[in-house]
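Accompanying notes for the structure given below.
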Amino acid sequence: MNEDQTTTIEIEDMITVGTLAERLSIPVTRLIGELMKNGVMATVNERIDFDTAEIIVEELGLGVSLSKKVAEEQLAPTHTKPTASANAKARPPVVAVMGHVDHGKTSLLDAIRGADVAKGEAGGITQHISAYQIEHNKRTITFLDTPGHEAFAAIREHGALLTDIVIVVVAADDGIKPQTIEAIRFARKAGVKIIIAANKMDKEGADLNHVKQQLSEQDLLIEEWGGDTILIPVSAKTKAGIPELLDMILLVTDVEELKADTDGPAKGLIIEAHVELGRGPVAHALVETGTIKTGDFIVAGGSYAKIRNLEDTNGKPIKAATPSMPVVITGFKTLPEFGDDFTVVANEKEARSQSTIIASQKQASGGHLDIGSSELIRLINRNNEMQELNIIIKADVQGSLTSVIDSLKALDTDEVSVRIVGSGVGAIGENDLLLAHTSNAIVYGFNVDLSASSRQQASRDKVSVRIYKVIYELIDDVKAELTTLLRPEIVETELGRLVVKGIFKTTKSEIICGGEVTKGKLTAPALARIVRDKETLAEVEVTGLKRGPAETKEVFEGEMCGMSLSTPKKIDLVEGDRIELFSRQTVSRSL
Ligand code: GDP
């Protein structure tokens with residue numbers, strides 16, 4: 001490659017180290033070396049995000065620059081949390097730890113686990129996304145061992161979806177940082193419970209009040225200030241506060257009543273996969289439902305296995321595993337990927353055919369099967385019949401931001417509400433648009449600019465950005481959007497009534513009868529109900545009216561007439577039954 005000339009290579013938002021090396025036409029070891037120099041420990045199959053790739057490629061000095069590939073239509077979302085049946089049993093909570101780099105995620109996980117793993121790892125950065133279980137007060141808690149810097153993006157995409165509770169770690173001496181906010185946003189979007197762990201309380205500069213203040217700016221008001229955000233001060237170093245944190249996790253678990261079925265074939269997610277010398281592909285998986293056993297046939301992503309060995313994450317062989325248990329599986333033919341769903345199937349034939357189908361779908365979609373944004377949205381609204389309008393607001397100054405947010409909150413009704421998935425002071429930037437894209441939100445700007453590159457990004461990602469200079473115009477726009485979410489009202493108007501005096505024909509699709517109009521005016525065609533005493537027997541359609549032998553369109557109160565009806569089922573009409581004619585209209589509503 002000519003190093004003086006700049007060529008541009010298009011890559012996806014996330015790319016495996018191996019693929020990137022291939023695209024750059026360099027040995028993968030050179031790329032891994034460069035990543036290591038930058039503190040990123042990634043194996044050939046691990047995925048790095050675009051920003052990391054861009055920095056590394058620049059450092060390599062290959063005369064190559066990267067550009068993001070325009071996202072193609074993603075495949076339908078693949079992962080949904082299983083719903084539990086009436087026989088479901090209580091299961092341990094699955095907890096992830098997220099937060100800004102260096103705020104103590106790894107140290108906290110180690111303190112909880114009671115083992116000093118961080119020191120044993122190269123460069124002190126966790127290498128694999130895996131999980132472990134601990135016992136506290138004789139109960140089990142599953143922790144996803146979230147990784148350091150390099151996989152924050154991956155956890156951001158999938159981690160929150162795996163979990164029931166996210167612990168957001170905030171170093172009390174440093175306060176809330178961009179990745180803290182990001183972690184909070186993603187946990188909120190996935191609809192999981194948040195516990196804030198204010199870490200490094202042993203340090204001199206620790207300022208808990210400042211953290212509380214900053215949290216309130218993120219709409220997280222702590223319990224002692226009248227909100228419902230749980231905050232536990234801890235120190236991963238001295239282990240102070242750790243028992244309280246674990247108590248709180250169990251309390252939240254009890255409130256949430258987490259359950260899963262243990263019967264039936266297991267399903268779950270791959271949380272880590274790598275190749276080990278002498279063992280071949282090794283996958284770590286989290287069971288979500290059912291029971292997984294040695295010898296089971298399992299399909300994950302485009303790969304399958306007859307489970308050779310099943311181990312817990314300490315490497316101890318086990319025969320079976322139930323929901324919320326992390327397990328290590330060997331026997332896969334090829335390496336599954338982080339975020340792949342797994343399912344236990346009946347036999348090898350089924351395993352092979354299902355994995356082939358998934359592999360070809362993956363190939364068609366250009367690689368990884370990501371959890372689509374619609375899946376996130378579905379999760380957000382999973383317990384919620386309420387229609388929500390997701391929006392992001394950026395304003396020029398804090399004062400106007402606060403008043404826009406206050407006015408928007410006032411628009412909420414029992415049926416529709418504004419959900420502010422992000423807000424801030426300043427221009428609309430890349431992160432806002434990214435968040436809007438994943439959360440399907442509209443971006444509103446008040447007195448702010450949109451740079452040409454952001455405009456381009458917005459149009460590429462089909463994100464709607466609306467900028468206003470007058471508050472009430474912005475509010476009116478949001479109001480109009482909310483109105484479109486309101487279910488239309490159905491209005492029925494009674495037209496007239498007939499009391500049946502004679503029955504001439506009743507089949508399963510047609511009724512012909514005669515009677516007297518006791519109220520209003522009958523018309524045809526019209527909708528009608530057949531009513532006996534107070535009970536409605538069927539909703540039917542009036543297809544014709546006769547006054548004497550002649551067809552007519554209208555009959556009035558006090559007149560006798562014949563009537564033909566189209567019915568959905570056979571009705572044994574009797575004298576004295578009422579036929580009530582009505583019209584039905586849908587009326588759009590306003591707030
Ligand atoms: P991560 O990047 O969020 O995983 O953070 P680490 O766990 O690697 O911690 C970053 C640094 O903060 C390390 O040097 C830790 O020793 C230090 N650290 C973590 N927790 C505490 C704590 O509670 N007290 C003190 N004094 N230092 C801590």
Side-chain angles (χ1 to χ4, degrees), residues 35-42 46 48-49 51-52 55 95-132 134 143-160 162-163 165-187 194-212 214-215 231-249 271-272 313 338:
L35 282 161
M36 274 168 85
K37 264 199 256 164
N38 283 274
V40 180
M41 311 298 295
E46 271 171 27
I48 55 173
D49 61 18
D51 294 344
T52 310
I55 295 165
V95 184
V97 177
M98 297 174 93
H100 198 69
V101 63
D102 279 347
H103 277 198
K105 295 181 291 295
T106 313
S107 309
L108 189 64
L109 278 161
D110 293 346
I112 291 169
R113 193 180 191 179
D116 200 353
V117 184
K119 281 191 189 137
E121 279 166 350
I125 301 165
T126 320
Q127 287 190 38
H128 300 302
I129 304 159
S130 188
Y132 61 83
I134 61 142
F143 282 91
L144 280 185
D145 198 344
T146 57
H149 334 265
E150 81 277 16
F152 190 80
I155 266 293
R156 190 170 72 183
E157 282 178 60
H158 303 283
L162 297 172
T163 59
I165 300 168
V166 166
I167 297 180
V168 176
V169 178
V170 186
D173 62 336
D174 199 22
I176 287 183
K177 294 281 158 199
Q179 282 181 347
T180 324
I181 296 173
E182 201 168 14
I184 292 169
R185 281 180 181 169
F186 275 88
I194 299 175
I195 297 177
I196 308 284
N199 190 31
K200 307 199 186 183
M201 286 304 292
D202 60 289
K203 283 182 90 170
E204 216 170 279
D207 185 349
L208 197 56
N209 258 329
H210 185 231
V211 175
K212 291 175 184 172
Q214 286 185 310
L215 284 171
L231 179 138
I232 312 279
V234 298
S235 163
K237 191 175 171 189
T238 67
K239 301 202 170 38
I242 306 273
E244 288 78 5
L245 181 64
L246 299 177
D247 286 346
M248 192 48 79
I249 291 171
I271 51 177
E272 204 267 327
T313 42
F338 174 65

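Reckoned from all heavy atoms, side chains included, excluding hydrogens, waters and symmetry mates. Counting starts at 1 for both ligands and their atoms, in listed order.
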Atom indices of ligand 1 within 4.0 angstrom of K237 heavy atoms, with elements: 22 (C), 23 (O), 24 (N), 25 (C), 26 (N)
Sub-3.5 Å N/O-N/O distance, G104 and ligand 1: yes
Atom of A236, atom of N199 and distance for their closest heavy-atom approach: N-OD1, 3.0 Å
Reported CD1-to-CG distance for the pair I55 and L35, which is rounded to 0.5 angstrom: 10.5 Å
Heteroatom proximity flag, A236 to ligand 1, N/O under 3.5 Å: yes
M201, portion touching ligand 1 at heavy-atom distance under 4.0 Å: neither
Option with minimal heavy-atom separation from atom 15 (C) of ligand 1, where the choices are G241, S107, A206: S107
Considering all heavy atoms, the nearest Y132-L109 contact: OH-O, 2.5 Å
With a 3.5 Å cut-off and sequence neighbours excluded, list the donor-acceptor pairs that the side chains of residues 171-178 form with protein atoms.
from	atom 1	to	atom 2	distance (Å)
D173	OD2	K203	NZ	3.1
D174	OD2	H103	NE2	2.9

Within reach of ligand 1, part of K200 (heavy-atom separation under 4.0 Å): both
Mode of D202 contact toward ligand 1 - side chain, backbone, both, neither (heavy atoms, under 4.0 Å): side chain
Residues that D51 engages under side chain to side chain donor-acceptor pair (under 3.5 Å), provided they are two or more places apart: none
Proximity to ligand 1 by part of D102, non-hydrogen separation under 4.0 Å: both
Interfacing atoms of ligand 1 (cut-off 4.0 Å, heavy-atom, K105): 1 (P), 2 (O), 3 (O), 4 (O), 5 (O), 7 (O)
Flag side-chain contact, heavy atom, 4.5 Å: I195 against V95: no
Contact atoms of ligand 1, heavy-atom distance to H100 under 4.0 Å: 3 (O)
Over all atoms of both residues, closest heavy-atom pair of L208 and A198: CD1-CB, 3.5 Å
